[in-house]
Every structure is written in C-alpha cells, then in structure tokens.
Amino acid sequence: MMSDLVLKGVAKSFGDKEVLAPMDIVVADGSFVSLLGPSGCGKTTLLRLIAGLETPSAGEIILGDTVLYGPGVNIPPEKRHFGMVFQSYAVWPHMTVFGNVEYPLKVRGMGRKERTERVMKTLALMHMEELAGRYPHQLSGGQQQRTALARGLVMEPPVLLLDEPLSNLDARLRAEMRREIRDLHRALGISILYVTHDQREAFEMATKIVIINEGRIEQEGTPDEIRRGPAPGFVREFLSHE
Amino acid sequence: MFADGITNAAVVEALVRSLSLSLAVALISGAAGCLVAWLVTRSDIGGGGALSGLFSMPYAIPAYLLGMAWIVLGNPAVGAIKEIFPQSGVYGFHGMVLVESTVAFAFPYLELKAGFERMDPSLEEAARMSGARPWRVFRDVSFPLLWPPMVNGMCLSFLYTLSSFGVPAMLGMPVRQFVLTTLIYSQFKLGGMSGIASGLRLSLVLLVLAMLVLALSNWLVNLQRRRGGAIMGSRVSRPGLVRLGGGRVPVTATVWIVFAAAVVLPWCALAFSALAPVAGNYSPSAWTFRNLEYVVNLPEFSEALVNSLALSISVATFVVAAGFFLAFAAVRRGSRAARWIIEAMGVPFSTPGTVIAILLIFISTWVALAMGRFGLSFDSPLVWMGLAYALKYCAVGARMLAAAYRQVHPSLEESAVVSGATTFILLRTIWLPLLSRTVLAAWFLTALPMFTELTMSVLLTGPGGATMGTVLFQLQEYADQPSAAALAWILLSAALLGAFFMRGRKAEEILEAK
Ligand SMILES: Nc1ncnc2c1ncn2[C@@H]1O[C@H](COP(=O)(O)OP(=O)(O)OP(=O)(O)O)[C@@H](O)[C@H]1O
Ligand SMILES: [Mg+2]
C-alpha cells in the first residue's frame, strides 16, 4: 500500500495575515519527517491543516490516492484517519488509560474482544499495561504522554502527526522518549510527521528534516545533508544555537 | 395555616406553579444556552463573534419590559400577532415560560460559553482525530467535562425564575395564575398586619427553596473549580472551528432570527404600540407622539424619573465605593473581616427581591411603631427602597472589584509602597486608575437594574415613592396599553443601550456580577 502524504502549494492566511506561504512537502510512506523551526513560524498551523482541523487558503493535500483537501473537497478530520498527539497531551481526564486508548476503536465500532486485545497490545508497546486502570490525574507527565501516543497509534494510522510531544517533559525523560519514538517508528513502519523547535529531536529521529521560518521552507533534506551543507542565512544561524 | 384570606390549596397551587415554571424555564434556557454557546465558540457559524456578544445582552434587560412587549404582540383582543397564540393570547403559563426563558437564557449560555472558552480545545480535537463526529465529541468529551457549569447555569435560571415578579404579575395575574412572588404581593395588597404576616410566611417558603437551589449551585461551582486544572488549556490554543457545511446557512439564519425575535421584535412591538393612536391600529400613517407626550407629562413620571435617577445614581455610587474599599482590604490586605463581609453580601444577593422587601416592610412597621411612641414619624419609602437596592446589589461591585484586584501583580503596588505612599494615596493614585474600567463597569451593572427595578419597589413604594418600575406597573394594571408601551419603550431602549455598551465585557466578568 503506497500512502505518501503529499502537500501541493498549501498555504494559510488568518484574515489578511499570511501565516504559511504556498509550500510543497512530501512525507513518503514509512518515513519520519520532522518540521523544524522557531516558535511562531507556523509549524502547528501546518500540522492542523493536514489533520483537517483548519482549512487551507490554497493548495491540495493528498494521502495515497485520496484527495483530503482540494478543489471542492474537504474531508473532515474524523474521516482522515490520522493519529495525532497534541502538545498538551489532551488525555481525557474522565476516562482511564484503557478508556482513552480504546476510544478510537470504539468510535469505529470494533467489537469488545478485539478492542481489548488491540488496546493491551498497544499499551504493552508503550510499557503501560500495569497502568491501564488508572485515571490521568494518577499519572506522571511522561505516562500521560505515553497514553496520548498509544491513543494515536492504536488504530494503526497511515500517518502519525505529533506536535512538540516532548516539550513538557524533563530533559532525562525527553532523551528516553526520543529513543522510544524512534524505535516505535522502526517497529511499526508507519509514517511520522513530527513538529518541533528542538533541533536535537529532529536530527536524532528524523529521516528527513524540513526547516521552516516565518511560514516559508528554508531548507529540506536528510539530517546528514543539512548538517553537512546548511543553507546560508537563517538555517546556519538557527543551527548554530544549541 | 397561612392566613385569613388565603387557603392552603391556593398556596400549594402557587408553589407547584412556581416550581414547574422555574423547571420549564431552566430546561428550555439550558438546552438553548448550550446549543448557542457551542455554536459561537466551536462552529463556523456566520457572524459568530458578533453573536457571542449579542446573546449575552438579554441578561441586562428587565424581563417585565419584554413581558410588556409580548402583551402588545399577543394580547388576545388586539395583539399584533395574536394568531400565533392560543385563546388566552400570551397570558398564562406558556407566556410566562416564553418571556422568562428569553432572559434566563443568559445564565446557562454565559456559564457554558465561559466553560468552552476555558477548556483546552485539544481535548475535543483529540476525539475528532480519533474518528468521532462533532455530535459524538460533544456527547463523549464536552458534556462529561462541562456538565457542572451547564447544570449550574440551569440552577441560576431556576433561581431567577423562582424570584421573578414582573413577568408573572403581567402575564399570570390577569388570568388568576399565581406564583409565590405574586401571591405574596397580592396578600400584601390586602393590607394590614395580617397581609404582612401571611406575606412573611410565604416569603419563608420562597427563601428556603431559593437557598436549596443556591446550595446545589455552589456545590457545582466548587466541583468545577476542583476539576478545573485537568481540563484547562495550559497555553492558549485556538480551537479549530467545526464546519457546519451545508447546514451553515440555515443554522446561521435560524440563530439570527431567534435573536431578532427575542430582542429586536419586542423593541419594535413597543415602538409601534407607543406610536399607535389606539391599541390595535399600528399603521405608520396614523403614528403619533401623543402617547409619549402623555406619559412624559404625567406628574408621576417626573416624580419617578427623579426618584429612579437619584436612587440608582446614589446607591450605585455608594455600593461601588464600598466595594472598592472592602475588596482592597480583603484582597490586598488580607483582612478577614472584609472577606467575611463580602461573603455575607452574597446572601441578600441570592435572596428573592420579594423576600427582602417583605422583611424590610416588617422592620419598617416596627420602626414606625417604636418612633411613634416618642411622637416622631418616619415614613419615607425612598429610604427603604435605597436600603433594599443596596442590600440586593452590594455583592456585584464587591465581587467584580475583588476579582480585578486579584488579577494585578503585587509588584505594582509594592513599588508604590516602597516610594512611601500611604494607603489613601495608594488607592487614589494607583488602584483607582488601574481599576477604573472595572469600577465603571460595576457602576453600570448596579445602576442599570436599579433604575428599572420593579420587584422590591412595587412592595416598598408609597406616597412620594414612585419609580420607573412602579409607574409602568400601574399604567399596565390600569390597562392603559399605549401609555404603558410608551414608557416601556423608553426604558427598554435605555436598557438595550446599556446592555449593548456592556456586551464587550468578558462573559466571566458578567457571571461574577450575577
Ligand atoms: N486561529 C488563528 N488566528 C490567527 N492567527 C493565528 C491562528 N493560529 C495561529 N495563528 C498565528 O499563526 C502563526 C503561527 O502559529 P503556529 O501556532 O502555527 O506557530 P508554531 O510554529 O506552532 O509556534 P510554537 O512553536 O510556538 O508552537 C502565529 O503568528 C500565530 O499567532
Ligand atoms: Mg506550535
């Protein structure tokens, strides 16, 4: 199954303020693409356009051979089948860990037995089986993050969208989670689009990095390509800060 | 048991009617408030930003003015659109539900709007990304997280309706449908000590009911506060608006039409009626200013204008000034006494106006007797009205200002203290300019309802004590519809202007005041 995620000339303005200039991005099937850029450059906006939570002002968004957004087409977010992890985790406080992870399967009408199996399998992947019965307020930040990840992964989406998922964790936990997310990507073979302003995360995990500044793509390439030949100007400047 | 002129059956009937009316209004305004709050905060409805402010306006409109307007529209004999009503026209239970719901709508609406605005939108977006359609998101996520403010809004609606007097008096009494407040009024009108006594006993029933609902409401507020942290956005993220798609145009049109029917239509009805030569003849060619002139030239009108202006301006100024100092002492100086006083102000605020008035009448009778023994007489309804207004509304100013003091960073004040300012100079040169907008808002939010106050005034009034509310009530009781409509039109225009001016205030601030 080929399910490349392709953006063609996608742009976004809020009122008359252009937040994203028309841009082309390809997330090849099974790749790990990181959108890297400073705060306010439009990373979250781009991710939300792909998710369907915002409507582009122009362009096309295509997944495999399905047009998600284009002339006369605008598929609502619940039918795009992406998994998504929000910066604030957005774990539902009135459901247990199990309930949170089970929800996407329940909404899609999967039977109880199969659901339980899938949820426990996904929780095992995140080392969270023992915590299945807990409520979010009984969890640490890292555990909440894993719950959100499990919820995003449980329906085995073609693409997982992540918005700065580690920015609320402490440094040690961040390092641990970087490793885990990379391992997950390898083990599951899904595509990942990962938004961050932390170059370390991008360079350590991604197979392709897209550097964005003020709503424009400054450079894209593999971590090696960018490390070896950073574009002069913004990229060089940005990468020189730790 | 209750008194000479009143049977137990009548009391039970009024009690049942009060409860069922309040419940019906709570349910209707709750459902409507919930729907509109969701539409303006979460969907791409047309003109959502404007609607969001406009829909908070009804809270500032005295319901009895809308009642007056609906009499113009639905009077069984000459109503402009009497055809849409049953035989009795707008009079009766259905009419009371209709008019009270229009105003009470604001409580669940504002509560829930604030809830949606404070909640982290990613919680709902995560459900959509999980495959849930908007309705399912509401059922599985928004409602389970936001039911306390929603039910609390309905409690406030219930309390409001239970305490209201004007609408049941205008739309219920003419067809002999009494609720508790109007039964108390009619008992009191019988006069004498026995009237006051049975009014007092009925007031006690009303007070107990009100306090029960209030206790439930407080419990809900605390529940939501405890849960708050879990559902509040850590950083402000803007929600992606749910696309209504093909339903967008009809939904937008419906919501705007409902707003027009709730607020604009009554205003027009009063205008037409005020300009019509006789009730029922609304053709523009016959328009005349006679009614307006007649009302303005009534001796009671000038008396009422002077009284209402004097009372609302002086009492609002006093109440806000007191709130300014008390809130300073409570918040910035940590005074236990001040905090306790502000807390205590909540009691008269939630007590039905009818109960406050009856208690004051009882006290005033007692004072008059005591003074009579020394050959003195003290008989000024204005003083008692002023006291009643102050009691009823003192919580508004103090609470709004306390919230405002809390929001200012301590360092601002500390720098002034370091430079040697005394408390008085501090208040005048730092706090008053800093809080001037809140002070002004609090002043308007207390002065406006006082200017048109009816519930307490109608009981406390006496010779020389006419107010805008009592004059209108009298004209309406004499069945002088064109004159009553003319006066109601003037008052509604003033109230709408005030509400429009205040609509920009954040929903939370308005709630704080309510
Ligand atoms: N709904 C909106 N209406 C108007 N402007 C918006 C809206 N959402 C985002 N913006 C603006 O678009 C720009 C990009 O925002 P975005 O959230 O995409 O940045 P970001 O790269 O994710 O930043 P951060 O790293 O801080 O999360 C910002 O200037 C922001 O103010
Ligand atoms: Mg962002």
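Every chain is numbered from 1 and lettered A, B, ... according to where its sequence line falls, protein lines coming before strand lines.
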Subject >> Selection from Val107(A), Val154(A), Asn100(A) maximising heavy-atom pairs under 4.5 Å formed with chain B >> reply: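 So the answer, after comparing Val107(A), Val154(A), Asn100(A), is Val107(A).
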Original post:
Between Gly83(A), Pro104(A), Ala148(A), which has the largest tally of heavy atom pairs under 4.5 Å with chain B?
Top reply: Pro104(A)
**OP:** Classify the side-chain pair Thr196(A)/Glu201(A) by whether it contains a donor and acceptor separated by less than 3.5 Å.
**Re:**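 Note: Thr196(A) and Glu201(A) side chains meet the donor-acceptor criterion.
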Original post:
With no hydrogens and no angle check, do the side chains of Thr44(A) and Asp163(A) hold a donor and an acceptor under 3.5 Å apart?
Top reply: yes
Original post:
For Arg42(B), which residues count as a salt bridge (charged side-chain N to carboxylate O under 4.0 Å, His left out) partner, sequence neighbours excluded?
Top reply: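 Listed in chain order: Glu124(B).
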Return all side-chain donor-acceptor pairs below 3.5 angstrom for residues 30-40 of chain B, not counting sequence neighbours, or 'none' if the list is empty.
none

Original post:
Applying the ring pair (Phe, Tyr, Trp, His ring centres under 6.0 Å) test to Phe55(B), which of Trp256(B), Phe259(B), Phe107(B) qualifies?
Top reply: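 Only one option passes, and that is Phe259(B).
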Subject >> Proximal to chain B - members of residues 69-81 of chain A, heavy-atom separation under 4.5 Å >> reply: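 Near chain B, by residue number: Asn74(A), Ile75(A), Pro76(A), Pro77(A), Glu78(A).
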Original post:
Which bit of Asp44(B) comes within less than 4.5 Å of chain A, counting heavy atoms only: side chain, backbone, both or neither?
Top reply: neither
Original post:
Between Arg243(B) and chain A, which part of the residue has a heavy atom less than 4.5 Å away: side chain, backbone, both or neither?
Top reply: side chain
Original post:
Can Glu117(B) and Lys113(B) be counted as an ion pair, charged N to O under 4.0 angstrom?
Top reply: yes
**OP:** Indicate yes or no: does Glu102(A) engage Arg112(A) in a salt bridge with an N to O separation below 4.0 Å.
**Re:**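 Salt bridge between Glu102(A) and Arg112(A), a charged N being under 4.0 Å from a carboxylate O: no.
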Subject >> Phe82(A) portion near chain B, given a 4.5 angstrom heavy-atom threshold >> reply: both
Quiz: residues 139-146 of chain A side-chain donor-acceptor pairs under 3.5 angstrom, not counting sequence neighbours:
from	atom 1	to	atom 2	distance (Å)
Ser140(A)	OG	Gln143(A)	N	3.2
Ser140(A)	OG	Gln143(A)	OE1	3.3
Gln143(A)	OE1	Ser140(A)	N	2.8
Gln144(A)	NE2	Pro136(A)	O	3.3
Gln145(A)	NE2	Pro165(A)	O	2.1
Arg146(A)	NH1	Glu180(A)	OE1	3.0
Arg146(A)	NH1	Glu180(A)	OE2	2.9
Arg146(A)	NH2	Glu176(A)	OE2	3.2

